[in-house]
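Take a look at the structure below.
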Amino acid sequence: MIKSLKNQLVLALGLLVTVIGVVQGVSSYQLSKTGMSALLDMRLEQVAARLRDGLAESLPKNPARGTQDERDVVAVVWKPGQDVPFRTTDPSLHFPRDAQPGFSGAEFNGEHWRIFTRQEPTMTIQVAQRSSIRREITQEAATQTLWPIAVLLPLVWIAVALVVRRSLRQLNELGAEVSAIDMGHLQPLSTVGVPTEIEPFIHSINTMIERLASSIEKERKFIADAAHELRTPLTALQLQADNLAPHIYPGNQERFQELRKGIARSGKLITQLLRLARADAPMNGSPLARVDLSEVVTGAVADVLPIALARGMDIGAEEMVNAHVRAVETDIGMAVKNLVSNAVRYTPDGGTIDLHMRRDGDMVWIDVIDTGPGIDETLLPRVFDRFFRANPDVEGSGLGLSIVKAIAARYGGDVTLKNRSDGRSGIVASIGFPVEEVKENTVALALNL
Ligand SMILES: Nc1ncnc2c1ncn2[C@@H]1O[C@H](COP(=O)(O)OP(=O)(O)OP(=O)(O)O)[C@@H](O)[C@H]1O
Ligand SMILES: [Mg+2]
């Protein structure tokens, strides 16, 4: 069974057209044969009429043998009371003189003839033609009628295939659009220019997208609320622990410090959860500003500088590019800081961290390159998953890169993480945003003011 709708349609329409073509061909072939036969009969009748009207006398008495072409009609004229024909165009042929008037058939010298006999008071006229020649002529004429159909049929098949392909292209485009739906930005599909048959389909998909978006939003809100609610008791717990610290026996201090670290870890996890829920949230009219990316880069370096220096690391930003992004400033800062703090966290003491900026078309990219251990290639595709941690020896919640990804997606940007390809071990973490181009007249307007 053919699964493709396109092939089914092409086959069905093509076969239909072929059947119509064949039926039409057969009937026009038959009609043309009958018509030609009637024409040939009419010619025999006309010749007989001309012979009656005096042409018989002008025929030669003794025609030379072999002058008659076998395609020609043969005419024989009898006068009453004479045993031999008065005139004949082929003396070797003797048709039965008493044949019934009108059309008849007879066999002579192994050939079949169609004969028209006209009985007049003064003469009997017979005009005949070989049946094989008549067949040849009628078939030739009938075959001519088949040419247009024979040429048109393949052309119609091609036309059917093209029309069906063109009509179904929109279905393919719709399929591509559905599979390209970004889960981070669930947008309804457009119904503009869509055929009416496909519209209900799109409406169903859009209803599904709406439901999906609302359930994702509910889940996000639940996480945000839960993290928010947990923060207060956890802060209280931390305060209690701080107050208790001086009253703990020295013998229990080590275990008590573990408890405090655990509380601090939970606090960080809750903070990260809240940040992720906020990065995932729809923008809802948050005020956007023109963010200078080079300032964000220097700010991120300055933030980690004390820790980096304490661990003997060399951290610096080079190749700065003048580029701006339209965004909430804290979002961009948080994304870049997450990448830089990962580089510091996972690179051993004494390592190097370089930050670069580069323009690529209408995007601006920030690369954070470290000299750490890198990440196993098999684990790399999972680093943006929530709670995924490739290196459990180092403390972390596994949410930082998910937050970065959500922020990049929010502004139409992207983030990638790769192992270095220059032969050294380490990670190249890159985040890119669409550049906000300032139109020249806007600049001029601003200068005038
Ligand atoms: N520069 C890097 N070098 C080596 N491994 C890295 C680097 N950046 C990220 N990783 C790996 O990817 C994992 C996920 O990183 P992610 O930032 O999402 O979480 P995290 O750093 O563990 O926790 P946090 O939520 O505090 O950022 C990390 O646990 C680490 O194993
Ligand atoms: Mg991290």
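Note that the numbering runs from 1 along the sequence shown for the chain. In listed order, ligands and their atoms are each counted from 1. Below, all heavy atoms of this structure are taken into account, side chains as well, without hydrogens, waters or symmetry copies.
- Ring pair Tyr411/Phe433 is perpendicular by interplanar angle, where above 60° counts as perpendicular and below 30° as parallel.
- Ligand 1 is approached by Arg345 to a heavy-atom distance shorter than 4.0 Å.
- When each atom of ligand 1 is checked for a heavy atom of Ile375 under 4.0 Å away, the hits are 4 (C), 5 (N), 6 (C), 10 (N), 11 (C).
- Of the protein's heavy atoms, Leu401 CD1, 3.6 Å lies nearest to atom 15 (O) of ligand 1.
- With hydrogens left out, the protein atom closest to atom 25 (O) of ligand 1 is Ser397 OG, 2.6 Å, a heavy atom.
- Between Glu136 and Arg71 there is a salt bridge, with a side-chain nitrogen of the basic residue lying less than 4.0 Å from a carboxylate oxygen of the acidic one.
- In summary, Glu319 and Arg358 do not engage in a salt bridge, as defined by a charged side-chain N under 4.0 Å from a carboxylate O.
- Here the protein heavy atom with the shortest distance to atom 12 (O) of ligand 1 is Val383 CG1, 3.8 Å.
- Salt-bridge formation is detected for the pair Asp422/Arg420: a Lys NZ or Arg NE/NH1/NH2 atom is positioned less than 4.0 Å from an Asp or Glu carboxylate oxygen.
- Listed by atom number, the atoms of ligand 1 under 4.0 Å from Gly400 heavy atoms are 16 (P), 17 (O), 18 (O), 19 (O), 24 (P), 25 (O), 27 (O).
- Taking a 4.0 Å cut-off on heavy atoms, Gly372 fails to register as neighbouring ligand 1.
- Salt-bridge check for Glu437 with Arg359: passed, with a basic side-chain N closer than 4.0 Å to an acidic carboxylate O.
- For residue Ser397, no N/O/S atom approaches the Mg ion (ligand 2) to within less than 2.8 Å.
- The shortest heavy-atom contact between Pro434 and Met363 is N-SD, 3.7 Å.
- Of the heavy atoms in Gln272, only side-chain atoms (C-beta onward) come closer than 4.0 Å to ligand 1.
- The pair Asp41-Arg134 meets the salt-bridge criterion, with a side-chain N (NZ, NE, NH1 or NH2) lying under 4.0 Å from an Asp/Glu carboxylate O.
- The pair Arg220-Glu217 meets the salt-bridge criterion, since a charged nitrogen lies less than 4.0 angstrom from a carboxylate oxygen.
- With a heavy-atom cut-off of 4.0 Å, Thr347 does not touch ligand 1 at all.
- Annotation for Phe108: atom CZ counts as buried by contact number, over 12 foreign heavy atoms lying within 6.0 Å.
- Taking atom 1 (N) of ligand 1 as the reference point, the nearest protein heavy-atom neighbour is Asp370 OD2, 2.8 Å.
- At the shortest separation from atom 9 (C) of ligand 1 among protein heavy atoms lies Asn342 ND2, 3.5 Å.
- Close approach of ligand 1 to Phe388 (heavy-atom distance below 4.0 Å) involves ligand atoms 13 (C), 14 (C).
- Under 4.0 angstrom from ligand 1, the non-hydrogen atoms of Asn391 come from both its backbone and its side chain.
- Among protein heavy atoms, the minimum distance from atom 22 (O) of ligand 1 is reached at Tyr346 OH, 2.9 Å.
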